[in-house]
Amino acid sequence: MLNKISKLRSEAETEIIRDQEELEAFRIKYLSKKGLFSVLFEDFRNVPSEQKKEIGRQLNILKQEIQEKYDLLKETLVKQEDTSTINDLTRPSFPFSLGSRHPISIVRKEIIDIFMRIGFIVSEGPEIEDDDHVFTRLNFAPEHPARDMQDTFYISRKSEEDSSPDDILLRTHTSSVQVRVMQKEKPPIRTISPGRVFRNEAISARAHCIFHQVEGLYIDENVSFADLKQTLLFFAREMFGKETKIRLRPSYFPFTEPSAEMDVSCRICGGKGCNVCKYTGWLEVLGCGMVHPNVLDACNIDSKKYTGFAFGMGIERVAMLKYQVNDLRLYFENDIRFLSQFKTSF
Ligand code: PHE
């Protein structure tokens, strides 16, 4: 019996264990219910009683030795795994910082929320559009100089003689979405269309060839300019604060008549004049007007029965006024040092 004990001892001692898998195999081989130690222990019953004390002691020592070897290996293997992960210096440090919403997304959501509170729904349309939806149905005459007001990225442009396919282009405003809504829906229509738009401009602090708009459209019987003004006043106060004043200056768009541009009172100086508002007390925010009857007719809406108003604003412009970040390019560079300053709860 003593022989068997020392044989098992030297066998267990010489086992080489390199990983968790081998350690588990070791445990099963020696320490489990059907393991070699239990098999040896079975023999203990046959040991003559005068030897039981000594053999029992030897068996206990062996069991302890094997158990200790197992415990020690278990500990060092876990440690080894730990250090291998700690040694990866490229891992981000703890606690991990959370991402944040892009300021354009934050402002976009805020604008949408404000108009949804007064019954507007959101409509979307394609960024790759045709001339018909971006210009023609919005009352831009073929030779009208207004067509040049917006420098357009063309994808395919038909030649003078070619009468078939329409020009394909990147939309220069989301008014094209409103054309699609008018063609499909019957009044009353109350919708806003947020989205990316494209204009062929040199990139600078004040201009970019891609930017974002939210345009709005409201068509029903008896919609008046007073409705437009009140809707925009509501928007301005929700967006820029309860004390905000608005003013409408006459302007021109082919698709609205009359047309206006809306300014809000400067929230930095409260209208007294500062370098943000260039000492005028006012900041330009959006374009608007009553939908031109030609546009309604071109989109199968009876201009004798219905009237409507429309407005459109640049999200970057609103963000600039809100955050006082006046270089447009920062909104497109996605520098984390810039983005992580905008924290929101949604
Ligand atoms: N579509 C105009 C633009 O892109 C904005 C606008 C929309 C103006 C609706 C008036 C009415 O600048």
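In listed order, ligands and their atoms are each counted from 1. What you see below is based on every heavy atom in this structure, not just the backbone, and it leaves out hydrogens, waters and symmetry mates.
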Using a strict cut-off of less than 4.0 Å between a Lys/Arg side-chain nitrogen and an Asp/Glu carboxylate oxygen, indicate whether Lys29 and Glu15 qualify as a salt bridge. yes

Suppose we call two aromatic rings close when their centres sit under 6.0 Å apart. Are Tyr331 and Tyr323 close by that rule? no

Compute the centroid of each ring, for Phe255 and then for His173, and state whether the two points are separated by less than 6.0 Å. yes

Gln20 versus Glu24, side-chain donor and acceptor atoms under 3.5 Å: no

Closer than 4.0 Å to some heavy atom of Cys288 - which atoms of ligand 1 meet that? 8 (C), 10 (C), 11 (C)

What atoms of ligand 1 come closer than 4.0 angstrom to any heavy atom of Ser175? 1 (N)

Examine ligand 1 and decide if any of its atoms is less than 4.0 Å from a heavy atom belonging to Phe255. yes

Measure from NZ or CZ of Lys52 to the centre of the six-membered ring of Phe44 and say whether it is under 6.0 Å with the direction within 45° of the ring axis. yes

Quick note on ligand 1: atoms under 4.0 Å from a heavy atom of Arg199 include exactly 3 (C), 4 (O), 12 (O)

Does Arg199 form a side-chain contact (heavy atoms from CB on, under 4.5 Å) with Asp151? I'd like the steps, not just the answer. CA-CA 5 Å; Arg199 292 182 195 178; Asp151 292 339; 5.5 Å; no

Identify, by atom number and element, the atoms of ligand 1 in contact range of Thr256, meaning under 4.0 Å from any of its heavy atoms. 11 (C)

So Ile189 and Tyr306, do their side chains get closer than 4.5 Å, heavy atoms only? no

Any ion pair linking Glu129 and Arg180 (charged N to carboxylate O, less than 4.0 Å)? yes

Quick one: does Thr172 get an N or O within less than 3.5 Å of an N or O on ligand 1? no

Considering only heavy atoms, does Ala310 approach ligand 1 within less than 4.0 Å through its side chain, its backbone, both, or neither? both

With a 4.0 Å cut-off on heavy atoms, does Arg171 reach ligand 1? no

Only heavy atoms count here, so choose which of His173, Glu215, Met290, Gln178 is nearest to atom 5 (C) of ligand 1. Glu215

Ligand 1 atoms nearer than 4.0 angstrom to some heavy atom of Phe311 are 7 (C), 9 (C), 11 (C)

Against ligand 1, does Gln213 come closer than 4.0 Å with any heavy atom? yes

